[in-house]
Amino acid sequence: MKIDRQIGILSILLQKSIVTAPYLAERFEVSRRTISRDIEDLCKAGIPIATRQGVNGGISIMEDYKIDKTLLTDTELRDVLAGLRSLESVNTTNRYGQLMEKLSAGSSDFMAGNQSVLIDLSSWYKDSLAPKIEQIRTAIEDGRELTFVYYSPKGESSRCIEPYYLIFRWSSWYVWGWCKQREDFRLFKLNRMEELSVLGKAFARRPGVMPDLSNERIFPGGIKVRVLFEAECEWRLIEEFGRGSFQKREDGRLLFQADYTDMDNLTSWLLTFGDKAIVLSPPEIRQKISGIAERIRNRYEENFE
C-alpha cells in the first residue's frame with residue numbers, strides 16, 4: 001500500500017544520512033517516478049526532505065528532525081523487535097523486515113546489533129515450513145478452509161479444516177482449527193502436513209475457538225512410568241524434562257518418574273537411550289521394549305546380501 005511504502009521510506013531516511021532514488025525503488029519494488037511522488041507527498045506532509053544532484057547526491061532528511069518515540073521505551077522497543085525478528089526467521093517475504101525498520105526509525109541500536117535477545121524459530125525444515133506458514137496465515141486472515149494430507153501414528157488421512165491459530169510450542173509449529181472430518185477442534189503439526197491447499201470457500205468463525213494449550217489438555221497423561229537411567233543420561237533428562245524429573249541414587253544412576261499420554265511415543269523415546277535405560281514400571285512397557293529388542297536381534301541375524 002502507498003502509505004505503508006511512504007512510512008517505510010521515512011523509516012529508512014531517519015536511519016541513513018542519505019540514500020538514492022534507485023536504491024529506494026529497488027527496495028520497495030516500484031519505479032523511480034513512484035519514489036519521486038512519494039517524496040513529494042512526504043514533503044507536503046511537513047517532513048523536511050532535501051534532494052541533491054551529483055556524484056554524492058541523493059535524498060536526505062534534515063539532521064535535527066526526529067519522531068517522538070516516547071510511546072515505547074528503548075527496552076520495550078527491543079522486545080517488540082525481537083519478536084518480529086523471530087517471525088522473520090520463518091517468513092518468505094520481507095514483511096517483518098520492513099516493519100522492523102518502521103518501528104526502529106530514529107533508533108539504530110537494535111538494527112546495529114546491540115540487542116540482547118535473539119530468537120530463531122526456523123528449523124531443518126525451513127524451506128518447506130515457511131511456505132506452509134504463509135499459506136495458513138493467509139487462510140486464517142481471509143477465513144478460507146484448508147485441505148491437506150496428514151500423517152500421524154494412526155496412518156495417513158485427508159483433512160479439511162477451518163483454521164484459526166498458528167501456534168509455536170514444544171519446539172514445533174501447529175495449526176489449530178475445526179476439523180470437518182472429526183467435527184471438533186484439533187491441533188495439527190505442520191511438519192506432518194502435505195499437499196496443503198487453500199480453498200476458495202469461506203467459513204463463518206465459530207464462537208469460543210481459543211485453544212486450551214495446557215499440558216493437561218494436550219497431553220492428559222495416564223501412563224505413570226518409572227525408569228532407571230545411567231548417570232551419563234543426566235544431560236538429556238535435564239534438557240527434556242528438567243532437574244526435578246529424576247532422583248540421583250547413591251550408585252549414580254537416575255530414577256526418572258513421569259506421566260505419559262502415548263505408549264508408542266514413550267517406547268520410541270526410551271529406545272533412543274539404547275541399553276542406558278531400564279524400565280521399572282509399568283510392566284507392559286517392559287514387555288513391549290523387550291519384544292522390540294528381540295525382533296531387532298532377529299532381524300540382524302538375517303542375511304540380506
Side-chain angles (χ1 to χ4, degrees), residues 1-122 126-127 129-131 133-142 166 168 173:
M1 295 177 60
K2 181 178 179 181
I3 186 63
D4 289 336
R5 185 177 65 250
Q6 291 177 352
I7 293 174
I9 291 172
L10 178 59
S11 300
I12 291 175
L13 292 176
L14 286 168
Q15 296 176 65
K16 298 179 181 292
S17 58
I18 190 168
V19 296
T20 65
Y23 168 83
L24 293 175
E26 181 179 358
R27 184 64 179 270
F28 293 99
E29 300 179 350
V30 296
S31 67
R32 292 177 61 178
R33 184 174 180 81
T34 297
I35 293 298
S36 297
R37 288 197 294 264
D38 288 336
I39 296 299
E40 290 178 7
D41 290 342
L42 289 172
C43 289
K44 291 177 182 178
I47 309 299
I49 297 176
T51 58
R52 296 196 301 272
Q53 303 296 323
V55 178
N56 297 320
I59 304 168
S60 61
I61 197 166
M62 287 181 57
E63 185 175 348
D64 295 333
Y65 181 80
K66 294 184 182 295
I67 289 181
D68 185 6
K69 299 193 290 82
T70 56
L71 181 63
L72 294 175
T73 66
D74 287 343
T75 299
E76 291 170 337
L77 180 61
R78 286 191 177 94
D79 288 344
V80 172
L81 291 174
L84 290 174
R85 187 180 290 275
S86 70
L87 290 173
E88 187 184 30
S89 67
V90 289
N91 190 258
T92 56
T93 69
N94 193 35
R95 175 194 304 149
Y96 296 109
Q98 292 178 358
L99 181 53
M100 283 191 289
E101 287 181 344
K102 293 177 186 179
L103 290 175
S104 60
S107 177
S108 60
D109 286 349
F110 185 90
M111 307 305 286
N114 293 337
Q115 63 276 18
S116 58
V117 178
L118 294 174
I119 305 171
D120 191 336
L121 299 179
S122 60
K126 182 177 181 179
D127 290 343
L129 189 62
I133 291 175
E134 194 64 24
Q135 274 187 287
I136 294 171
R137 176 169 181 172
T138 299
I140 293 173
E141 291 176 349
D142 295 343
L166 267 170
F168 182 81
W173 282 93

Q | Derivation of the side-chain contact (heavy atoms from CB on, under 4.5 Å) call for Val19 and Arg27 | A | CA-CA 11 Å; Val19 296; Arg27 184 64 179 270; over 6 Å; no
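Proximity of Ile59 to Thr20: side-chain heavy atoms (C-beta onward) are nowhere separated by under 4.5 Å. Within the 4.5 Å cutoff, no side-chain heavy atoms of Asp38 are placed close to those of Phe28.
Arg32 CZ: 12 or fewer foreign heavy atoms inside a 6.0 Å radius.
Between Ile49 atom CD1 and Ile39 atom CD1 the span is 4.5 Å, to the nearest 0.5 Å. Note: Trp173 CH2 to Ile133 CD1 = 4.5 Å, rounded to the nearest 0.5 Å. The distance from atom OG1 of Thr51 to atom CD of Glu40, rounded to the nearest 0.5 Å, is 9.5 Å. Distance check: Leu24 CG to Ile9 CD1 gives 5.5 Å after rounding to the nearest 0.5 Å.
A donor-acceptor contact shorter than 3.5 Å is absent between the side chain of Thr34 and the backbone of Val30.
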